[in-house]
Protein chains: 2
Amino acid sequence: MTDVMIHGDRSLPIYVQLENLVRDKIDSGDWAPGIMLPSERQLCDTYGIARMTVRQAISNLVAEGLLTRTQGRGTFVARPRLRQPLSKLTSFTEDMRDRGLLGSTRLLMQEQMAASPEIAAVLAIAVGAPVLQIQRLRSANGHPMALETSTLRGDITAPLRHEDLEHQSLYRLLEERCGVRMLRASQELEAGIAGEAEARLLEVAPGAPVLRIQRRSLVLWQGQEVLCEYVRSTYRSDRYRFYVELER
Amino acid sequence: MTDVMIHGDRSLPIYVQLENLVRDKIDSGDWAPGIMLPSERQLCDTYGIARMTVRQAISNLVAEGLLTRTQGRGTFVARPRLRQPLSKLTSFTEDMRDRGLLGSTRLLMQEQMAASPEIAAVLAIAVGAPVLQIQRLRSANGHPMALETSTLRGDITAPLRHEDLEHQSLYRLLEERCGVRMLRASQELEAGIAGEAEARLLEVAPGAPVLRIQRRSLVLWQGQEVLCEYVRSTYRSDRYRFYVELER
DNA sequence: GACACGAATAGGTATAGACCAGTAGCTGCA
DNA sequence: TGCAGCTACTGGTCTATACCTATTCGTGTC
């Protein structure tokens, strides 16, 4: 990914642009865990922005747990936590990063369509209402990990109609382009057997065990809590375990 | 509490002093939930400090959840919200009840043994230390649902040595007899294929998909947080789905 | 070789001022 | 009366600068 020009897009605050830039460097593996970032003053010079602005971006990323910093030493890319303290709603890429893996995506299908009765029921919209359906093959370190079919409300995702969804985080686009804030999701997990087509894409034998996950995501959109996304994923069970922490 | 003079104590950063001051006002009930704080510029004047310094203090308190703010409206004392745990640590019987089913149990094995190296590693105890191992077939409405092998620390569960574990809740006995309080557990879920023995007990065909769950339970015992239990369960995937709620 | 010291450099705190962007209430016109 | 638009707030973003403190490492002394 080429460097996003800071100041290039006046619609986003500079500190947000810098955050995204750093996130991209980390997601792409360009900045590996443990690596020291350029110093704050260096970043100011590089991008021609004030130090307080740099600090705002860095502070947010530190709060997110993506970076750590020590006075006198520097700012570093955090080593992925082995265990997430709580059950967090994450994107595939974030999930892989937490596991110390590099996530990548192949877009298999991206289509604007009319909601089927089933989809309409799940998303609580009218039958025939526009939805955006995306099918993606998710890989970790280059090896197939999961097959994912997402269906999103068409009205909310209208700005993404002609967006490249292969190389960008869908959740990031939703938040940045659609004015959506991800809130929470409910997931159901069950075991299954890989079908013919799935098996071929996931590069496993037909009949191999897979973990099927259904997710319904609730977002804040135009001040309202609405169901926005329904995802059906099929994970290779030899490569993926779902981890969750429960409290009494 | 009397107002702490900002600048009075040079040993603490001004923004920290302001944070404490606001916290005190809220704790003392002086500023009730829902009340609007003085505007940032007003706080600058009142305490003779810069707006960026005020903002740093306020931002930290917002991140803490103590305050909320809206552009154009102001900064407000947050209404304390009771957070219900997203995922609850439950016993099998409780889980079934939540699903509207009647859980029952058949005890297959109950044995005091010495910890194998694997078990010792998981429970963080010495190899050869005493453990209590229980294998139970769990049913819902009379139909087999899961096969469960629990391994518990022998020293903690000593009072249960000759207890009837077929008709009593293990978690209840742990709390009532062993002076243990269940705290939380981490679980890992994966898909698998039923083996011969499993299939026979679960009354499914060998090779049927199953959901395998590993649980490590943390308890409070004699004032210490300790790992007490390690459970491996195999659930029929045609009857059981795991449900979890995630937050962003 | 061991250690004290200081320079260079990292992030941490704080200032003062500027302008942008939402919100709400007031004013005055239709 | 109803409402469009103005205005005086609010927090949001950003700059430029200054000095503090912690870390690191090289230098020089003993």
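For the numbers below, each heavy atom of this structure counts, side chains included, while hydrogens, waters and symmetry mates do not. The sequence lines fix the lettering, A, B, ..., with proteins before strands; numbering per chain opens at 1. What you see is a predicted model; the values in this text were computed from it and never measured.
Atoms OH (B:Y47) and P (C:dT15) sit 14 Å apart, rounded to a whole Å. Distance B:D45 CG to D:dC9 P: 13 Å, rounded to the nearest Å. B:L43 places its CG atom 15 Å from the C1' atom of D:dC9, with the value rounded to the nearest Å. For the pair B:M36 CE and C:dT23 P, the computed distance is 14 Å after rounding to whole Å. The separation between B:I14 atom CD1 and C:dG12 atom C1' is 13 Å, rounded to whole Å. Atom CD of A:E19 and atom C1' of D:dC14 are 15 Å apart (whole Å). Rounded to an integer number of Å, the gap from CD1 of A:I58 to C1' of D:dC14 is 16 Å. As a whole-Å value, the separation of A:Y15 OH from D:dG11 C1' is 11 Å.
Taking only side-chain nitrogens and oxygens, A:R55 comes nearer than 4.0 Å to OP1 or OP2 of C:dG12. Taking 4.0 angstrom as the limit, A:Q56 places a side-chain polar atom (N or O) nearer than this to OP1 or OP2 of D:dT13. An OP1 or OP2 oxygen of D:dC14 is reached within less than 4.0 angstrom by no side-chain nitrogen or oxygen of A:T53.
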Can you give each donor-acceptor pair under 3.5 Å made by side-chain atoms of residues 109-128 of chain A, sequence neighbours left out, with the distance rounded to 0.1 Å?
unit_1: A:Q110; atom_1: NE2; unit_2: A:E163; atom_2: O; d: 3.3
unit_1: A:S116; atom_1: OG; unit_2: A:I119; atom_2: N; d: 3.2

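Remark: side-chain polar atoms of B:S28 are paired, donor with acceptor, to backbone N or O of B:D24 under 3.5 angstrom. Remark: side-chain polar atoms of A:T157 are not paired, donor with acceptor, to backbone N or O of A:L160 under 3.5 angstrom. In this structure, A:R216 contributes its side chain and A:Q187 its backbone to no donor-acceptor pair below 3.5 Å.
Counting only N and O atoms by type, the side chains of A:E229 and A:Y171 include a donor and acceptor under 3.5 Å apart. For the residue pair A:R55/A:Y15, the side-chain donor-acceptor check at 3.5 Å is not satisfied. Remark: the A:Q135 side chain and the A:T149 side chain contain an N/O donor-acceptor pair separated by less than 3.5 Å. Counted by atom type alone, A:S237 and B:E190 present zero donor-acceptor pairs between their side chains at under 3.5 Å.
Map A:R51 and A:V16 each onto its nearest nucleotide of DNA chain D; the residue landing nearer the 5' end is A:V16.
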Step by step, would you call B:Y230 with B:Q214 a side-chain hydrogen bond (donor to acceptor under 3.5 Å, both in side chains)?
CA-CA 7 Å; B:Y230 172 58; B:Q214 289 182 47; 2.9 Å; yes
For side-chain hydrogen bond (donor to acceptor under 3.5 Å, both in side chains), just list the numbers for A:T105 and A:E166, CA-CA rounded to whole Å, side-chain angles, deciding distance to a tenth of an Å, and then say yes or no.
CA-CA 6 Å; A:T105 296; A:E166 183 150 14; over 6 Å; no
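Here the nucleotide nearest the side chain of A:R41, chosen from D:dG11, C:dG11, D:dT15, is C:dG11. Side-chain proximity of B:A50 to the nucleotides D:dC14, C:dT13, C:dA16 is greatest for C:dA16. In the set C:dA10, D:dT10, C:dA16, C:dA16 carries the atom at the smallest distance from any side-chain atom of B:M52.
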Any N/O pairs under 3.5 Å between the protein and nucleotides 4-6 of chain D? List them or say none.
none

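Near DNA chain C, defined here as any heavy-atom distance below 4.0 Å, the residues from residues 67-76 of chain B are B:Q71, B:G72, B:R73, listed numerically.
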